[in-house]
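Input: a single structure, listed below in structure tokens.
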Amino acid sequence: MLGALAETNRALLEALTKALETAPPLPSAPPGGYAAWFEPLGQLAELGRAALDEAGKAPTAELAKLAGDWWADQLRLWSDFVAGRPSSLPPNVRTNDPRFSGEAWEANPVFDLLRKSYLLAAHHALEGTHVFDKLSPGMAERLRFHTRQLVEAMSPANFALLNPEVLRRAQETGGQSLVKGLENLARDLAQGKLTMTDETAFEVGRNVAATPGKVVFRNRMFELIHYQPTTETVFEVPLLIFPPWINKFYILDLTPEKSFIRWAVDQGLSVFVVSWAQASEKTADATLDTYVEEGFLTAIDVVREICGVPSVHAIGYCVAGTTLAVVLALLAARGEAEKVATATFFTAQTDFSDAGDLLHFVDDQMLATIEKLGASGVFDGRYLALTFNLLRPTDLLWNYVVNNYMLGKEYVPFDLLYWNSDPTNVPAKWHLAYLKDFYRDNLLAKPGGISVLGTPIDLGLIRTPAYIQAGKEDHIAPAASVWKLTQQLKGPVRFVLAGSGHIAGVINPPAANKYMHWTLPEGTPLPATLDAFQALAKETKGSWWPDWIAWLAPRSGGRVPARIPGTHPAYPPLDDAPGPYVKERIA
């Protein structure tokens, strides 16, 4: 096997040289050079050191006990290994790690020892983070987060010469798997992002974002898409969807069988969607005021005018849901609350005190790095992608490093990963302000904490009927954080807890019959806490979408003839859906 690996060295060098010569140009270097791409990773170690500094004198007795326990357990492993006896880990150590599920890890005693030694060390390292009782709660969570990052990065599965599956595949392919992996690495270095799927299998407008419709309005911030009806009549009140501007809208319009947009059209709704523009020098000056005035308020008024109605249903997903809450409060303060008949929030937060692991990225050091990386006025979406990948590093980072670069596997077509690999630039000024004002300082949770277009924002003014959806396993907008919105709004609220997380919890069509969701029994008042909700809620198999349309339909007025996109004289068709904005790629 070693001979086979040595024989491939020349081929590897040739492949790397060829790949770099034929690769597309590297992306423009950020301020500080290409090393700046990796600064967010370097900050993790700095934050870990800061956590230890805050702890003061280390709890030496507790750490000594942990070290002693680790040595004792490790010596038992070595003793069993030397004696040729089967070895086992202590019962409190996690052993069902999918990274080591391949039989190659157990077939060879050396790799079996390596696997168990790592699992043992990882267990004791994570346990060690609990003995620093002098840490503030925020710093304690930060220390645990960054320890998990280090532990997952140091897995032997992430190192070619320590991973028996990598070595076996190299032997079976005569080293060609390593050659292929190196070609994959060279390409990803050139494009500045990690490839997760076969991107040639999809095309925006052909087999994703393919629901028929027309672009009927455009400004520098967004395009407005009106979708072709599939029913002869539609509900009087139209639906306007605001996706997050940090991603592209077609997460809601993947392949037809997964498309929430197509499904909503089939329910008899006049569906409009905002397609945000890629940030550029044209939008570098954008702030919260800009997104509210030139984005949300403009889209609401245009849809009202096209449909000839006083109000719209509005959906806000993630950060767009946060901003939708701001818009509702602004409209209420202006006496214009009737412009929005109902508001639906997908995994949206308005009180960020329990916002989860993303809070670890908003201390002063990280914000200073983000400010430097956005010095041009545009914050590169690839940094955002890296941040979200770091929230689940094994699944969204190291898994692909092993499969792509070490095993040289072929990419599997997957529409969700194609969308995830299509990042979006954002205005740096607004992105930094969002992180400071909402995440770090939690100003939206304080009445009058922020002002928009000269008006102090108080979410307690909102009386609009609201449907709030949260994902039980959401690692970006934790369910406990989303729940807080139910306590801030003063109008009627329906809350649904969906199975899965930030994406799959939302994109769960009824036909798939996947996961489950929880709602309160009819007539049960909304309790004060999420724990109380879960104790009272009933579980329903499958998608929550039917529950949503059952809630929305009675609030949607009568039926009117289906509205055909582009027929309003003031809003003729500008392009076929999905329009040019969403097709602009940065990588």
Show your working on side chain to side chain contact (heavy atoms under 4.5 Å, CB included) between F379 and I370 and close with a plain yes or no.
-> CA-CA 8 Å; F379 189 77; I370 291 169; 3.7 Å; yes
Once you round to the nearest 0.5 Å, how far does [atom1] of [X] lie from [atom2] of [Y]?
| X | Y | atom1 | atom2 | result |
| --- | --- | --- | --- | --- |
| W245 | T424 | CH2 | OG1 | 12.5 Å |
| F495 | L485 | CZ | CG | 9.5 Å |
| N442 | K446 | CG | NZ | 6.5 Å |
| L194 | R382 | CG | CZ | 13.0 Å |
| L489 | I462 | CG | CD1 | 5.0 Å |
| F438 | T323 | CZ | OG1 | 6.0 Å |

Test V237 against V309 for side chain to side chain contact (heavy atoms under 4.5 Å, CB included), laying out the working first.
-> CA-CA 7 Å; V237 181; V309 294; 6.0 Å; no
Apply the test side chain to side chain contact (heavy atoms under 4.5 Å, CB included) to residues Y291 and F242: give CA-CA distance (whole Å), side-chain angles for both, the deciding distance (0.1 Å), then the verdict.
-> CA-CA 11 Å; Y291 273 85; F242 294 100; over 6 Å; no
Check step by step if side chain to side chain contact (heavy atoms under 4.5 Å, CB included) holds for I315 and L240.
-> CA-CA 6 Å; I315 292 177; L240 173 56; over 6 Å; no
Flag yes if more than 12 heavy atoms outside E294 fall under 6.0 Å of its CD atom; otherwise flag no.
->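 For E294, atom CD is crowded (more than 12 foreign heavy atoms under 6.0 Å).
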Identify, with sequence neighbours excluded, every residue that meets ring-ring contact (aromatic ring centres under 6.0 Å, His included) alongside F222.
->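 Counting only residues at least two positions away or on another chain, F222 forms a ring-ring contact (aromatic ring centres under 6.0 Å, His included) with F217.
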Which pair of non-hydrogen atoms, one from [X] and one from [Y], has the smallest distance, and what is that distance?
| X | Y | result |
| --- | --- | --- |
| I225 | S275 | CD1-CB, 4.2 Å |
| V426 | A279 | C-CB, 3.2 Å |
| F345 | A325 | CE2-N, 3.9 Å |
| L324 | T344 | CD2-O, 4.0 Å |
| G471 | A479 | O-CB, 3.6 Å |
| F249 | A209 | CZ-CB, 4.5 Å |

Less than 4.5 Å apart, any side-chain heavy atom of [X] and any of [Y]?
| X | Y | answer |
| --- | --- | --- |
| L416 | I507 | no |
| D422 | Y250 | yes |
| D547 | R494 | yes |
| Y434 | T322 | yes |
| I300 | V327 | yes |
| F272 | V302 | no |
| V208 | K248 | no |
| F388 | N420 | no |

Is a donor on one side and an acceptor on the other found under 3.5 Å between the side chain of [X] and the backbone of [Y]?
| X | Y | result |
| --- | --- | --- |
| W544 | L497 | no |
| R463 | G460 | yes |
| H517 | G499 | no |
| E584 | Q278 | no |
| T129 | A125 | no |
| D289 | V452 | no |

Out of D253, N508, D415, which residue meets the side-chain hydrogen bond (donor to acceptor under 3.5 Å, both in side chains) rule with K258?
->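 Checked D253, N508, D415 against K258; only one passes side-chain hydrogen bond (donor to acceptor under 3.5 Å, both in side chains): D415.
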Listed by chain and number, what are the side chain to side chain contact (heavy atoms under 4.5 Å, CB included) partners of A333, not counting sequence neighbours?
->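 With neighbours one apart ignored, the set is T455, L461.
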Residue list, side chain to side chain contact (heavy atoms under 4.5 Å, CB included) with P510, at least two apart or on another chain |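 For P510, the residues satisfying side chain to side chain contact (heavy atoms under 4.5 Å, CB included) (neighbours in sequence not counted) are W263, S543, W545, P546.
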Could you tell me if the ring centre of F361 sits under 6.0 Å from that of Y383?
->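 Aromatic pair excluded; centres sit 6.0 Å or further apart.
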Show every donor-acceptor pair shorter than 3.5 Å between a side-chain atom in residues 530-541 and any protein atom, with sequence neighbours excluded, or say none if there are none.
residue: E539; atom: OE1; partner: W518; partner atom: NE1; Å: 3.4

Hey, is D285 close enough to K429 for a salt bridge, meaning N to O under 4.0 Å?
->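 No.
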Got a salt bridge between D380 and K193, using NZ or NE/NH1/NH2 to carboxylate O under 4.0 Å?
->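 No, D380 and K193 are not salt-bridged.
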Sequence neighbours excluded, every pair satisfying side chain to side chain donor-acceptor pair (under 3.5 Å) that has a member inside residues 298-320 |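 Those involving residues 298-320 are D301-R304, D301-K339, E305-Y571, H313-T342, H313-S556.
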Provide the full list of side chain to side chain donor-acceptor pair (under 3.5 Å) pairs with a residue in residues 472-490, sequence neighbours left out, each pair given once.
->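 Every pair satisfying side chain to side chain donor-acceptor pair (under 3.5 Å) with a residue in residues 472-490: Q349-S481, T350-Q488, D354-K484, D474-H502.
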